[in-house]
Amino acid sequence: MGSVSLETDTVRRLRDGMAQGVLSFPLTSFHEDGSLDPDGFRAHVAAQIATAPGAVFPACGTGEFFSLDEAEYRQVVTVAVEEAGGRVPVVAGVGYGWAQAARFARIAEEAGADALLVLPHYLVAAPQDGLVAQLEQLAARTRLPLIAYQRGQVAFTAGSLKRIARIPNVIGLKDGHSDLDRLQRLTLAAPEGFLFFNGAATAEIQARAYAAVGVPAYSSAVHAFAPEIANAFFAALQGGDHGTVDKLLRDFYVPLVELRDRVPGYAVSLVKAAARLRGRPVGPVRAPLTDPSAGDLADLRTLLAAGLDLVGAAL
């Protein structure tokens with residue numbers, strides 16, 4: 001195992017997809033009683049893929065990975081692979097310590113995923129040697145390419161980036177810290193062909209800044225409930241239409257972030273609530289997350305309607 005180079009078909013497909021559209025992180029559908037809703041998830045993923053994202057990342061942070069057991073995880077990744085049908089790469093989330101991450105990696109591999117996003121490990125702070133070893137241990141136990149995700153207690157130095165880039169399976173890094181000084185050092189330290197992704201919360205807010213340090217690709221939570229807005233923003237950004245970019249930021253994205261910041265966990269539960277407002281069969285969030293209050297939901301509806309109107313769409 002551990003024989004993936006930086007010039008595999010998966011890397012090429014991801015690179016091409018990143019240049020053509022936002023990265024989709026679908027929501028995991030649950031019934032009202034909290035049980036998994038595979039049919040609802042299938043419909044949601046199909047709708048996401050129909051809007052031409054660059055890649056699909058099931059069972060990641062937005063998909064409530066940490067609330068899924070292994071059987072549910074298998075269903076989620078399997079459905080995503082089936083609905084993608086090879087049209088876009090499927091990158092499944094894995095996490096916890098490397099031993100548990102390896103169990104999820106085996107499931108994702110069996111389900112047909114193209115690659116894995118390695119979510120930050122659980123709870124403990126770790127030195128750089130430990131962060132590198134975490135990826136080494138996981139890479140030795142899967143044939144799938146790995147994308148490291150630095151967020152929370154995981155933050156690589158330029159020296160560590162060079163080390164993980166030498167692990168044959170590791171093909172890229174998703175950044176959620178928004179420390180552009182550090183990120184610039186990482187991009188300069190990386191080998192040619194190494195992939196970088198903007199994984200900031202509501203990534204569009206910082207998309208121009210990330211692009212300026214060589215990281216134009218980004219994940220979009222908005223795409224999970226309003227692909228019309230997400231795709232309009234991406235097209236304006238790619239086309240240098242800064243007037244449209246500014247208008248969407250000022251009148252939709254910034255107010256969305258302000259609403260998101262009212263309650264911990266709204267980065268996921270607000271997205272799910274917005275998807276439900278659009279009639280998407282995603283259901284509620286699982287504890288410890290909570291669904292938005294009635295007042296916040298009303299504000300979300302007003303904002304969503306206004307954002308859709310900006311791009312000529314309707315709620």
Side-chain angles (χ1 to χ4, degrees), residues 13-14 16-29 40-64 76 79-85 87-91 117 174 197-207 216-239 241 244-245 247-249 251-257 259-260 266-283 300-315:
R13 291 175 66 211
L14 279 169
D16 290 346
M18 288 158 49
Q20 297 169 12
V22 301
L23 305 176
S24 169
F25 283 68
L27 300 153
T28 299
S29 299
F41 180 68
R42 185 179 295 277
H44 174 56
V45 171
Q48 289 280 283
I49 292 173
T51 61
V56 175
F57 289 67
C60 293
T62 305
E64 298 178 77
V76 166
V79 167
V81 170
E82 290 173 351
E83 290 303 316
R87 290 174 289 170
V88 295
V90 175
V91 184
L117 178 66
K174 181 182 179 185
F197 308 82
N198 167 3
T202 313
E204 286 91 344
I205 292 287
Q206 300 183 66
Y218 61 89
S219 57
S220 174
V222 170
H223 188 271
F225 63 86
E228 305 96 325
I229 299 174
N231 288 341
F233 183 92
F234 182 85
L237 187 65
Q238 293 290 98
D241 182 357
T244 297
V245 169
K247 185 171 183 59
L248 287 170
L249 287 174
D251 297 339
F252 176 73
Y253 283 99
V254 169
L256 179 66
V257 168
L259 181 55
R260 181 201 72 199
Y266 266 17
V268 175
S269 56
L270 207 68
V271 172
K272 238 181 180 180
R276 291 195 300 274
L277 289 173
R278 302 295 308 282
R280 308 293 188 258
V282 297
L300 176 62
R301 181 188 291 274
T302 300
L303 176 59
L304 178 55
L308 289 167
D309 185 63
L310 290 172
V311 297
L315 185 59

Asp16: salt bridge (charged side-chain N to carboxylate O under 4.0 Å, His left out) partners, not counting sequence neighbours: none

Pairwise side-chain contact, Val222 with Phe233, heavy-atom cut-off 4.5 Å (strictly under): no

Determine which pairs satisfy salt bridge (charged side-chain N to carboxylate O under 4.0 Å, His left out) with at least one residue from residues 230-239, sequence neighbours left out, and list them in order. none

Could you tell me which non-hydrogen atom of Cys60 sits nearest to which non-hydrogen atom of Val91, and how far apart they are? SG-O, 4.2 Å

Here the side chain to side chain donor-acceptor pair (under 3.5 Å) pairs for residues 45-57, sequence neighbours left out, are Ser24-Gln48, Gln48-His223, Thr51-His223

Report the residues that fulfil salt bridge (charged side-chain N to carboxylate O under 4.0 Å, His left out) with Arg260, sequence neighbours left out, ordered by chain and then residue number. none

Of the non-hydrogen atoms in Pro53 and Val88, which two are nearest, and what is the gap between them? O-CG1, 3.6 Å

Smallest heavy-atom separation, Val90 atom then Ala80 atom, equals CG2-O, 4.0 Å

Run the side chain to side chain donor-acceptor pair (under 3.5 Å) test against Ser220 and tell me which residues pass, sequence neighbours left out. Glu204

With sequence neighbours left out, the residues meeting side chain to side chain donor-acceptor pair (under 3.5 Å) with Tyr218 are none

Residue set satisfying side chain to side chain donor-acceptor pair (under 3.5 Å) with Asp251, at least two apart, ordered chain then number -> Lys247

Can you name the side-chain contact (heavy atoms from CB on, under 4.5 Å) partners of Thr28, sequence neighbours left out? Phe30, Leu36, Leu68, Val76

For the residue pair Ala200 and Gln206, what are the closest heavy atoms and their distance? CB-NE2, 3.7 Å

Residue pairs passing the salt bridge (charged side-chain N to carboxylate O under 4.0 Å, His left out) test where at least one lies in residues 219-239, sequence neighbours excluded: Glu228-Arg278

For the residue pair Pro58 and Phe41, what are the closest heavy atoms and their distance? CB-CZ, 4.3 Å

Interatomic spacing from CG in Leu248 to CG in Leu256 - rounded to 0.5 Å: 12.0 Å

Do you know the tightest heavy-atom contact between Ala273 and Leu300? CB-CD2, 3.9 Å

If only atom types and distance count, is the side chain of Thr62 paired as donor or acceptor with the main-chain N or O of Ala221 below 3.5 Å? no

Before giving the answer on side chain to side chain contact (heavy atoms under 4.5 Å, CB included), spell out for Leu277 and Phe225 the whole-Å C-alpha distance, their side-chain angles and the decisive distance to 0.1 Å. CA-CA 9 Å; Leu277 289 173; Phe225 63 86; over 6 Å; no

Derivation and outcome, side chain to side chain contact (heavy atoms under 4.5 Å, CB included), residues Leu117 and Phe25: CA-CA 11 Å; Leu117 178 66; Phe25 283 68; 4.0 Å; yes

Between His44 (side chain only) and Leu27 (backbone N and O only), is there a donor and an acceptor less than 3.5 Å apart? yes

Return all side-chain donor-acceptor pairs below 3.5 angstrom for residues 302-315, not counting sequence neighbours, or 'none' if the list is empty.
residue: Thr302; atom: OG1; partner: Ala298; partner atom: O; Å: 3.2

Holding to salt bridge (charged side-chain N to carboxylate O under 4.0 Å, His left out), I want the full list of residues that pass it with Glu83, two or more places apart in sequence or in another chain. Arg42

Leu23 side, atom CG; Phe197 side, atom CZ - distance, nearest 0.5 Å: 6.0 Å

Qualifying residues under salt bridge (charged side-chain N to carboxylate O under 4.0 Å, His left out), relative to Lys272, sequence neighbours excluded: Glu64

